[in-house]
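Remember, it's a predicted structure, so these values are computed and weren't measured experimentally. Ligands are counted one by one from 1 in listed order, and the atoms in each one are counted from 1 as well. Residue numbers count from 1 along this sequence. Only this structure's heavy atoms are used, side chains among them; waters, hydrogens and symmetry mates stay out.
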Amino acid sequence: MSKKSILYSLVSVLFVAALVLSACGATPTPAPEATEPAAPTEELSVGVVLPTKNEPRWIQDETRFNDAFAAAGYDVQILFSDGDSAKERNNVQALINQGVKVIVICPHDATAAAAAAADARAAGVKVISYDRLIRDTDAVDYYVTFDSVSVGEAQGQYLVDKASGTGNPLYLYAGAATDNNAFLFFEGAWNVLQPKIADGTFVIKNSSRAEGLQDKATLTRDEMGQIIGQVTTEWQFDVAKNLAEANLTAASAADKGDVFILAPNDGTARAIADVFAADADVTSYVVTGQDAEIPSVQYIIDGKQSMTVLKDVRTLVGDAIAASIAYLTGGTPEETATYNNGVIDVPAKPSEVVTVDQSNVVEALIDSGYYDASEFTGLP
Ligand code: GAL
């Protein structure tokens, strides 16, 4: 999507936002000079709940939400759940008490969030699932996300493109099993990697369950859950680090050498890459990532991480605002796909993703205006 069209869609969304909010009586206060968003007025229309502040990814979403709402000249309340479903439910209740009409939620735990969604539904509040799908309830109205299966496919393809010959050691890592995206990422990676495991290009080194299923092209959710159970990082850096250390301790020198690593996102990729880089029997490694977090972009520039998958958060925020406005004006948001959450097919709008490595880091992240060059050293 070109810089110009992103700007166009965002400006049109924000223009409509400003219009709607004046129509909805939440008089948009002119954006104060200072960057921090205007203090919430008692008439809050939209609330946002994000999973944790412990990861650069969600801090970025907070910034992009604040920028987008401030540009529209109206306020937003963004609450964090600190990786705790009970806190998440309290956040939702706090927003309901403030009279919001739409809540945008990125759930910490897909199934545990169903109770909070039901609270919102009971209060007549629209629920938009953000990036991650809320599962096992019909109390979800809409879902904005990136195409998470294609994220995993991009990661798998990157490893395949860098491998030659047979017997290449492959180490698999996954996200948190409480996150529906972790299954979609793994499904995508398996779509691409499984044929290359079955033909001997790769040999799995750290999951007996994945080895047991290596001749199966399509896994059930339960089978994926069994593999994820063995290689989950819980999306936490220290869990990823400890698991990688345990895997390399258990592995022989023959299981190392030039290795290939499926890391599910940037935070865990950096932790895992540091462990492999420190192992004397590892002569080289190719490691995947996701989110284009600033520290990982620097790792890519420095050759310490091989790739990441850019998920342009400006697009996701724009889609969440557009959907909120559709509901605030009595309409329904654009539907380009549906996702079954175990109970219903949730109408959705998944967005595309972009593979980024040293060869296109400037074009994809600087020329696109996603980041300023001053954030990095040694840009190619
Ligand atoms: C996923 C999200 C990723 C990621 C991860 C860890 O659901 O799609 O972008 O970073 O959570 O928080």
Side-chain angles (χ1 to χ4, degrees), residues 48-65 78 80-85 88 104-113 128-135 140 143-155 173-189 224 228 231-241 243 262-272 287-297 299 305 307-317 319-320 339 341 346 348-356 365 370:
V48 176
V49 180
L50 296 175
T52 175
K53 278 193 176 191
N54 291 345
E55 294 172 48
R57 158 71 213 260
W58 306 113
I59 300 297
Q60 189 196 146
D61 292 67
E62 179 192 27
T63 307
R64 302 285 189 188
F65 266 118
I78 302 177
F80 282 89
S81 306
D82 304 338
D84 175 351
S85 296
E88 182 177 273
V104 177
I105 309 176
C106 182
H108 164 64
D109 176 316
T111 299
I128 298 174
S129 213
Y130 180 82
D131 192 281
R132 297 174 176 176
L133 186 59
I134 297 169
R135 287 189 60 85
V140 183
Y143 180 34
V144 291
T145 188
F146 295 97
D147 181 344
S148 297
V149 171
S150 72
V151 169
E153 288 171 347
Q155 294 171 331
Y173 298 94
T178 51
D179 178 358
N180 188 63
N181 280 343
F183 289 81
L184 300 175
F185 300 145
F186 194 82
E187 176 188 338
M224 272 195 283
I228 291 173
V231 299
T232 182
T233 62
E234 302 290 348
W235 293 132
Q236 293 174 43
F237 311 162
D238 55 348
V239 174
K241 176 178 178 290
L243 181 58
L262 177 74
N265 78 339
D266 281 352
T268 56
R270 296 191 298 277
I272 293 165
V287 62
T288 63
Q290 167 184 190
D291 293 327
E293 289 178 355
I294 289 176
S296 275
V297 175
Y299 259 46
Q305 183 175 327
M307 62 85 79
T308 188
V309 178
L310 169 63
K311 308 196 314 183
D312 193 327
V313 173
R314 298 170 299 183
T315 304
L316 201 62
V317 165
D319 289 345
Y339 284 71
N341 75 348
V346 182
K349 184 175 183 297
S351 295
E352 291 163 12
V353 300
V354 178
T355 294
V356 177
L365 298 176
Y370 201 65

- Message: Quick test of your reading of the model: are Asp131 and Arg57 salt-bridged, counting only N-O distances below 4.0 Å?
- Response: yes
- Message: For Phe65 and Tyr130, take the angle between the two ring planes, folded into 0 to 90°, and tell me which bin it lands in: parallel under 30, tilted 30 to 60, perpendicular over 60.
- Response: tilted
- Item | Near ligand 1, at a heavy-atom separation below 4.0 Å: residues by chain and residue number | Glu55, Arg57, Trp58, Asp131, Arg132, Asp179, Asn181, Phe185, Trp235, Asn265, Gln290, Asp291, Lys311
- Phe185/Phe146 aromatic ring centres below 6.0 Å: no
- Message: Going by side chain to side chain donor-acceptor pair (under 3.5 Å), name the residues that satisfy it together with Thr233, two or more places apart in sequence or in a different chain.
- Response: none
- List the steps and the verdict of side chain to side chain contact (heavy atoms under 4.5 Å, CB included) for Leu310 and Val353. CA-CA 6 Å; Leu310 169 63; Val353 300; over 6 Å; no
- Euclidean distance, Thr52 OG1 relative to Ile59 CD1, rounded to 0.5 Å: 7.5 Å
